[in-house]
Amino acid sequence: MTHQTLLLGQTLHFDGNPLTGDWRDTVRIDSAGGVLIENGRIAATGPADRLRAAHGAAEVVDYGRDLICPGFIDAHAHHPQTAMIASWGKRLIDWLNTYTFPEEERFADADYAATIAERYLDLTRAAGTTTMCSFATIHPASVDAFFAAAAVRDQCVVTGKTCMDRNAPEDLRDTAQSAYDDSKALLERWHGTGRAHYAITPRFSPTSTPEQLDALGALWDEHPECLMQTHLSEQPDEVAWVRGLYPDARDYLDTYEAHGLIGARALYGHTIHLEPREIARLSEVGAAVVHCPTSNAFIGSGQFNLGRLRDAGVRMGLATDTGGGSSFSMLRTMAAAYEAAQHHGVALHAAQLMWLATAGSADALHLGHEIGTVRAGYAADLTVLDLKSTPAIAQRANRSNDVWEDVFATIMMGDDRAVRDTWIAGKR
Ligand code: GUN
Ligand code: ZN
């Protein structure tokens, strides 16, 4: 008989998008729930008593009052920036030139790329993150290193070779043709292999020539099964720079659109300083925007207007943007998302924050049928949260009237100490 594991605890379930209606209609916590795992997948969920009785041979892990959630999904990160996270005193363009590009140059060394891939996956796993969509460097070997490290852990990840053929140091530049060729070879090697997913990855319009954007648009047209990730409208200086580089474009989004880099499987990081046409177009094509709140605060980019984009019907995910973001933790990122929305008069409920960090990000990555939800048939990628992980959080939780107050306190004040366990493909 195949091995079964039965996790018992409080279990978090989604039946839809809680951002767009009353969250009570789509989110619930079962206070005595269970999750049965078999062959890396969730085989059943339900009341603890019923699952225990029906699956007497299963190995039981009893988490008591801990919360069993979908594993966190970070929809936009730069794992190569792991070692230079929290670098002081710059804004986007000089932050890239001063800190980011020199660090990414080190990835010419494939051993270094492998070391950082391992370190990043260790750190994020400790923070409860089971899937991420990351920008590798321009070096194809950095993509190989990341997918290979994730495969050993049986981890569902998305990455792609970052493409840049101008406005970057010489040894971080490819060409339109080599970006096309290398990206094509990588996606043919990796996309759909095990749990690997490829994203065609132009860094952003300022570091690509129109010829390179064209080449990558053509590649995406040939491989529409892949995602496409980039950055859009993060800082005012950047937006002005794009206007100068692409004088014929209607707006920043149009610099992608004109080269075929728009569609339902597109992911645009940041999207803070958008024009009305851009918002309407993102909604119309079903593209996803990715909210990176700790990064937006840390690099001084501005406030993402979640309510405005939600009301326009734009899909969205949540992300650390490590290392422009100042944390590897999606708990910290949810807290920053709460704070950013407060600036616009929107008070996100803990249920909505948890959804953004799990099922919402999964939907943005078009993986919502596989990950992001605790439901039979889904991958057993789970994060177990201790809702009293520090004295400060425990004393607040002792005052709570319901479990959501506990969850909110852990979101606002929790870190990797709150992550009791991370399960990836059914393994702890
Ligand atoms: N825009 C282009 N590249 C980057 C990057 O690495 N981080 C952030 N935050 N924004 C970018
Ligand atoms: Zn980014």
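Just follow the structure's listing: the first ligand is 1, and inside any ligand the first atom is 1. Just so it is clear, the model here is predicted, and its values are computed rather than measured.
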For ligand 1, list the protein residues that place a heavy atom within a distance below 4.0 Å of one of its atoms, sorted by chain and number.
-> His78, Gln81, Leu92, Trp95, Leu96, Arg203, Phe204, His231, Glu234, His270, Ser295, Ile299, Asp321

Pair Lys427 + Asp381: basic N to acidic O under 4.0 Å = no

Kindly say whether the aromatic ring centers of Phe304 and His273 come within a distance under 6.0 Å.
-> no

Are the charged groups of Glu275 and Arg250 less than 4.0 angstrom apart, N to O?
-> no

Ring pair (Phe, Tyr, Trp, His ring centres under 6.0 Å), paired with His231, selected from Tyr268, Phe135, Tyr252 = Phe135

Output yes when Arg166 and Glu211 qualify as a salt bridge under the 4.0 Å nitrogen-oxygen rule, no when they do not.
-> no

May I ask you to say whether Glu405 pairs ionically with Arg396, meaning some side-chain N is under 4.0 Å from a carboxylate O?
-> yes

Taking 4.0 angstrom as the limit, do Asp144 and Lys161 come out as a salt bridge?
-> no

In total, how many protein N/O/S atoms does one find closer than 2.8 Å to the Zn ion (ligand 2)?
-> 4

Are the aromatic ring centres of His369 and Tyr378 under 6.0 angstrom apart?
-> no

Presence of salt bridge, Glu284 and Arg277, under 4.0 angstrom | no

